[in-house]
A.B. asks: 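Please see the structure below; I have some questions.
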Amino acid sequence: NAGVTQTPKFQVLKTGQSMTLQCAQDMNHEYMSWYRQDPGMGLRLIHYSVGAGITDQGEVPNGYNVSRSTTEDFPLRLLSAAPSQTSVYFCASSYSPPNTEAFFGQGTRLTVV
Amino acid sequence: KQEVTQIPAALSVPEGENLVLNCSFTDSAIYNLQWFRQDPGKGLTSLLLIQSSQREQTSGRLNASLDKSSGRSTLYIAASQPGDSATYLCAVWTYNTDKLIFGTGTRLQVFP
């Protein structure tokens, strides 16, 4: 059972480049989300999805796009990377409320230069 | 808007001590509260999940309590060990939202 898988683990981008962070889960969870973790800021919610075809914004959505075409996958797209997007990104999944124990991937460390 | 606070931000103790980590939240209308552990450079590992109808959950040397009406949870670690050194985060899922909101964590160091 792989759980939540994130790729890549590390990435360096130049300002203005685009890329997609991949997230896949094999637990048939309806709910998936993306967080960024910055020193002193904790985990902040970027975007989330309550099921295939449904996405919504979290606390810090600017500069990021998401889509959810399948239950298993929830990619996060950076259209034009900026140094302020240097962070560690985590993907999480869970069943819908109230059974919402969340499972996290191992993270993607992104540096934008 | 739900806000989650964890105190203290950092804690350094000798091995063997019993510890209490605190988590408070502003909106008591929650489905549940979850405690996580994060090792440096790693992802989050779920420790305990307390549903809103429960008062506490236990796993080994860990015990988490929940007082929903006062917006507080505590994580009790008995007989701490150096292997307990990590950052501990709490998170709450609030009614009528689809969001799991995190506190900023408590960084724990247990020295031999």
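It should be emphasised that the depicted structure is a prediction, and the values quoted were computed from it without experimental measurement. Letters go in sequence order (proteins before strands), and every chain restarts at 1.
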A.B. asks: Take F104(A) and K42(B), measure what side chain to side chain contact (heavy atoms under 4.5 Å, CB included) needs, and give me the verdict at the end.
C.D. replies: CA-CA 10 Å; F104(A) 279 76; K42(B) 303 292 186 183; over 6 Å; no
A.B. asks: Give the cluster check for V88(A) versus W34(A): same hydrophobic cluster or not, with ILVMFWY residues linked at side-chain heavy-atom distances below 4.5 Å.
C.D. replies: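 Hydrophobic grouping puts V88(A) apart from W34(A).
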A.B. asks: Report the option among A102(A), G42(A), S94(A) that has the most heavy-atom pairs separated by less than 4.5 Å from atoms of chain B.
C.D. replies: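 Sorted descending by pairs with chain B, the first entry is A102(A).
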A.B. asks: According to a 4.5 Å side-chain heavy-atom criterion applied to Ile, Leu, Val, Met, Phe, Trp and Tyr, with indirect links allowed, do I46(A) and L13(A) form part of one hydrophobic cluster?
C.D. replies: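 Yes, one cluster joins them.
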A.B. asks: Using atom types as modelled and distance alone, determine if a side-chain donor or acceptor of E101(A) lies under 3.5 Å from a backbone N or O of S46(B).
C.D. replies: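 The answer is no, because no donor-acceptor pair under 3.5 Å joins these two groups.
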A.B. asks: With only heavy atoms counted, which part of L45(A) is less than 4.5 Å from chain B, the side chain, the backbone, both or neither?
C.D. replies: side chain
A.B. asks: Where on Y95(B) is there a heavy atom nearer than 4.5 Å to chain A: the side chain, the backbone, both, or neither?
C.D. replies: neither
A.B. asks: Establish whether V4(A) and L21(A) are linked, either directly or via other cluster members, by ILVMFWY side-chain heavy-atom contacts under 4.5 Å.
C.D. replies: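 Looking at the clustering, L21(A) is in a separate group from V4(A).
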A.B. asks: Please check if F36(B) and L21(B) belong to a single hydrophobic cluster, counting links between Ile, Leu, Val, Met, Phe, Trp and Tyr side chain heavy atoms closer than 4.5 Å.
C.D. replies: no
A.B. asks: Mind checking whether W35(B) and L19(B) sit in one hydrophobic cluster, side chains of I, L, V, M, F, W, Y counted as touching below 4.5 Å?
C.D. replies: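 Linked within one cluster.
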A.B. asks: What residues of residues 100-112 of chain B make heavy-atom contacts with chain A at a cutoff under 4.5 angstrom?
C.D. replies: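 When heavy atoms of chain A are the reference, residues 100-112 of chain B contributes L100(B), I101(B), F102(B), G103(B), T104(B) within the under-4.5 Å range.
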A.B. asks: Heavy-atom cut-off 4.5 Å, strictly under: side chain, backbone, both or neither for Q38(B) against chain A?
C.D. replies: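 Just its side chain gets close to chain A.
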A.B. asks: Among residues 65-94 of chain B, which ones touch chain A with a heavy-atom distance under 4.5 Å?
C.D. replies: L89(B), W93(B)
A.B. asks: Which residues in residues 53-86 of chain A have a heavy atom less than 4.5 Å from any heavy atom of chain B?
C.D. replies: Q57(A), E59(A)
A.B. asks: Within residues 106-113 of chain A, which residues come under 4.5 Å of chain B, heavy atom to heavy atom?
C.D. replies: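 Contacts with chain B: Q106(A), R109(A).
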A.B. asks: With a 4.5 angstrom heavy-atom cut-off, could you sort out which part of F103(A) is near chain B: side chain, backbone, both or neither?
C.D. replies: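 Neither; nothing under 4.5 Å.
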